[in-house]
2 protein chains.
Amino acid sequence: MKSVSPTIRDVAAMAGVSVATVSKYVNGTQRFTPAVEAKLKEAIERLGYRSNPLARSMITGRTRTIGVAVLDITNPHFTNVVKGANRVALQHDYTLLFVDTEENPARERSLIEALAPRVDGLLISSRISTEIGKWLLELGKPAVMLRRVPEVAIPSVGFDNRLATYMLVRHLLNLGHRRLAYLGFDAETINNERIEGARAALAEAGLALDVYDTHAPTAQGGEAACSRVMLGPKRPQAVICYNDLIALGFMKEAKTLGFSLPRDVSVAGIDNVPYGEYVEPRLTTIEGQSERMGEVAMQKLIDTLSGRTDIDNVMLEPRLVVRDSTAAASHG
Amino acid sequence: MKSVSPTIRDVAAMAGVSVATVSKYVNGTQRFTPAVEAKLKEAIERLGYRSNPLARSMITGRTRTIGVAVLDITNPHFTNVVKGANRVALQHDYTLLFVDTEENPARERSLIEALAPRVDGLLISSRISTEIGKWLLELGKPAVMLRRVPEVAIPSVGFDNRLATYMLVRHLLNLGHRRLAYLGFDAETINNERIEGARAALAEAGLALDVYDTHAPTAQGGEAACSRVMLGPKRPQAVICYNDLIALGFMKEAKTLGFSLPRDVSVAGIDNVPYGEYVEPRLTTIEGQSERMGEVAMQKLIDTLSGRTDIDNVMLEPRLVVRDSTAAASHG
DNA sequence: GTGAAAGCGCTAACAC
DNA sequence: GTGTTAGCGCTTTCAC
């Protein structure tokens, strides 16, 4: 219960050796005579000495720690990314430190700035990836972006957003739907890719897409937007949501408004968060491979840290998961 | 794109002043002559200088950072705790660093050990709170436990587990149920408190509790245990789950097994995670005040860091949230 | 206002 | 094997 921790010098004094010896012993850099080793062990034990990682890092320049910045720790997609990243990090004896930027670009930067010097490398998911990417570059700290940023020389792992919505539209088209809506999240750059993919598939069938927007990529966002979509002048037969959370909220509110799902409207999301399986109707979605994304990104980062330097942009492939929230269009 | 960051000395050299001056300027400790200030500003700008927090922390002994260790970042209960904690930390200009111990007591200790020296204080949720608590005490690092640990001299904020299940049982009793089961998570110390609370309420009615166990406090855990509970020799009319996640998994599997909910069985959870509102039937639960727990705990920690030292154990009160997963017992 | 110097706790040559 | 020494990048007295 000492208020101030013992230092390497205290140990050295107590064991009657030099600080260098203690340092080497603590780091297992060398072998020692049994006598010295015993004294060292005893002194460390009695003093309750623990080496100060800050001081060590300052010299070695390494922390054996990796920083992960996520946009919203509440979103299962991100927690799964984290799980995947954690698994790989653990295998390589790295510790993960997380920071939640809370969808706030202003804080984002300062949080990453605070995190960066304390870690060996960074895994970053950001709304402003390109900007952050450039800034990271001049920071000179190894990083991997959790989103494709081909325009910056930083490795990244992303997801084929165009293909995801393209597939979703094709699926809905096959079910006989003609009036499709997209409920997006405008503040996000990949939102446009998702719209493009949907439009491309629709264009092939000579159809157009109605685009709506939510204020947040969350269930609350989906709830809030539902009545506008479903009770507006262009009620869709099917709606594709920016992500599963929005879809979950949308479905809940649609039911509250008296609609029967999927009879009155088909709904699909993207990410395949675990909870999509527990709602009714079970959510049709695109498997976003969140955990895999975390794994791949972490592996890339560790490779970079180990000297390998192949700056490429991995693209994870989407896979359609059909469940009960999408059904054949009713006649009329 | 320099590989090595500029130091305070580079700035001093470039601006033609001493390092002490730069330090004071960077920390806003003092006022300067406009001439010096301008030179400083320019040098810092051109060099892209950022002060190294490691070096600073080593001297000041403070990091302006708080470490939070959670058991499972995938569990919405914990992410909400984190949200609450983050909110008040932000107000006081503290940055949060998280670590996910992944329900693994062995890693728990080493992760916290790695985290502790890099932060000013700790917020810890652990399966082995008492043990960790004692250890924390001799570490001398301010900490607050996210669970009541009255037996250790560490502030903590917890939740009235006995009252929670007591209330749940009373609710179920009022609905006419007589055969109640509890689906718990044995590895958790508070599991016993929850069993006690349920038993106390049941005893008043001259009834007994059937206790089952899951291998994990997750939806998968609930799913896996469901058939054992529902198709065993003592099929219950109502089951209380250790937490909402288990309840969600249990409900899903019960439906798969052909049961109609809540007609065939009433189900209740604890925590009030957001997704309980999106499933069908909507989950009856106990509001666990996760966010509030995070807020209170962080406030306590910050108070401690500011010199206040009232080591008490806050107990948050449970509140019953009745939804559709609990209904009147059917005759028979 | 500004600077010189000591040193935070530790590691890494290098010498013995 | 073990000790000496010179810092890592920064803050902090204490002079001027």
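Chain A is the first sequence line, chain B the second, and so forth, proteins listed ahead of strands; every chain is numbered from 1.
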Just to confirm, is there a sub-4.0 Å distance from OP1 or OP2 of C:dG3 to any side-chain nitrogen or oxygen of B:Thr21? yes
Side chain to side chain contact (heavy atoms under 4.5 Å, CB included) partners of B:Ser57, counting only residues at least two apart: A:Leu54, B:Thr63
Sorted by chain and number, sequence neighbours left out, salt bridge (charged side-chain N to carboxylate O under 4.0 Å, His left out) with B:Arg308 holds for B:Asp303
A:Val296: partners by side chain to side chain contact (heavy atoms under 4.5 Å, CB included), with sequence neighbours left out: A:Val157, A:Arg292, A:Val314
Residue pairs involving residues 103-119 of chain A (criterion side chain to side chain donor-acceptor pair (under 3.5 Å); sequence neighbours excluded): A:Glu102-A:Arg107, A:Glu103-A:Arg127, A:Glu108-A:Ser126, A:Glu113-B:Arg50, A:Arg118-B:Thr65
Applied to residues 32-44 of chain B, the side chain to side chain donor-acceptor pair (under 3.5 Å) test, sequence neighbours excluded, yields B:Glu42-B:Arg46
Counting C-beta onward and ignoring hydrogens, is there a side-chain heavy-atom pair between B:Gln289 and B:Asn80 closer than 4.5 Å? no
Applying side chain to side chain donor-acceptor pair (under 3.5 Å) to A:Ser125 and not counting sequence neighbours gives none
The side chain to side chain donor-acceptor pair (under 3.5 Å) partners of A:Asn313 (sequence neighbours excluded) come to A:Ser156
Given axes from five pairs at either end, by how many degrees does the helix from C:dG1-D:dC16 to C:dC16-D:dG1 bend, rounded to 10°? 30°
Using a 4.0 Å heavy-atom cut-off, write out nucleotides 8-16 of chain C from 5' to 3' as B (base contacted by protein), S (sugar-phosphate only) or - (no contact). BBBBBB---
I'd like the 5' and 3' limits of the part of DNA chain D contacted by chain A, with heavy-atom contacts below 4.0 Å. D:dG1 to D:dG9
Could you tell me which residues satisfy side chain to side chain contact (heavy atoms under 4.5 Å, CB included) with B:Val26, sequence neighbours excluded, listed by chain and number? B:Val22, B:Ile44, B:Tyr49, B:Ser51
Tell me, please, which residues at least two apart from A:Asp310 pass side chain to side chain donor-acceptor pair (under 3.5 Å). none
